[in-house]
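To start, the structure itself, in structure tokens.
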Amino acid sequence: MRHLVLDDDDLRHELFDEWLAGDVVVHAHTIEEFTKAIVESGPFDKVWLDYDLNDFGYTSYEGPGKLNGGHAARMLAAIIPERPVEVLIHSWNPVGACMV
């Protein structure tokens, strides 16, 4: 299986590598890396989205407002005509995760 993981926490990326050992895992820390991975490394069977971004030193989008996993989900739907088998939200923010 091929996975795309969007998260700004390096520890979570390490955990995904352990959990998904044997599968292909492409990592993105920012919305920009996420978009690039979809275009250059897709398609993916599963996409894992963190809701809150920019908390661990990686910056997505310098400007007003803060991009999050919801933006990534909408981008995913707009960029690729064939959808991944599953899009999973992994977040410590239960309110934000439900808004995706």
CZ of Phe16 to CG of Asp9: how many Å apart, nearest 0.5 Å?
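The CZ atom of Phe16 sits 10.5 Å away from the CG atom of Asp9.
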Are the charged groups of Asp7 and Arg12 less than 4.0 angstrom apart, N to O?
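Between Arg12 and Asp7 there is a salt bridge, with a charged N closer than 4.0 Å to a carboxylate O.
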Which atoms form the tightest heavy-atom contact between [X] and [Y], and what is the distance?
X	Y	value
Phe44	Ile38	CE1-CA, 4.1 Å
Asp50	Asp52	OD2-O, 2.8 Å
Ala72	Phe34	O-CE2, 3.4 Å

Val47 side chain near Leu76 side chain, heavy-atom distance below 4.5 Å:
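Contact flag for Val47/Leu76 side chains = yes.
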Steps toward side-chain contact (heavy atoms from CB on, under 4.5 Å) verdict (Met1, Val24)
CA-CA 6 Å; Met1 290 195 72; Val24 174; over 6 Å; no
For His27 and Asp17, run side-chain contact (heavy atoms from CB on, under 4.5 Å): C-alpha distance rounded to whole Å, both residues' side-chain angles, the deciding distance at 0.1 Å, then the answer.
CA-CA 9 Å; His27 298 277; Asp17 279 338; 2.8 Å; yes
Could you go step by step and tell me if Val25 and Leu20 meet the side-chain contact (heavy atoms from CB on, under 4.5 Å) rule?
CA-CA 7 Å; Val25 181; Leu20 303 172; 3.7 Å; yes
Using 30° and 60° as the class boundaries, would you call the ring planes of His3 and Trp48 parallel, tilted or perpendicular?
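Rings of His3 and Trp48: tilted, as their planes differ by 30° to 60°.
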Does Arg2 reach the main-chain N or O of Pro43 with its side chain, forming a donor-acceptor pair under 3.5 Å?
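Yes; at least one donor-acceptor contact below 3.5 Å.
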Checking side-chain hydrogen bond (donor to acceptor under 3.5 Å, both in side chains) for the pair His29/Asp10: CA distance, chi angles, key distance, verdict?
CA-CA 8 Å; His29 293 86; Asp10 289 329; 2.9 Å; yes
If the condition is side-chain hydrogen bond (donor to acceptor under 3.5 Å, both in side chains), which residues does His71 pass it with, not counting sequence neighbours?
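Here the qualifying residues are Asn68.
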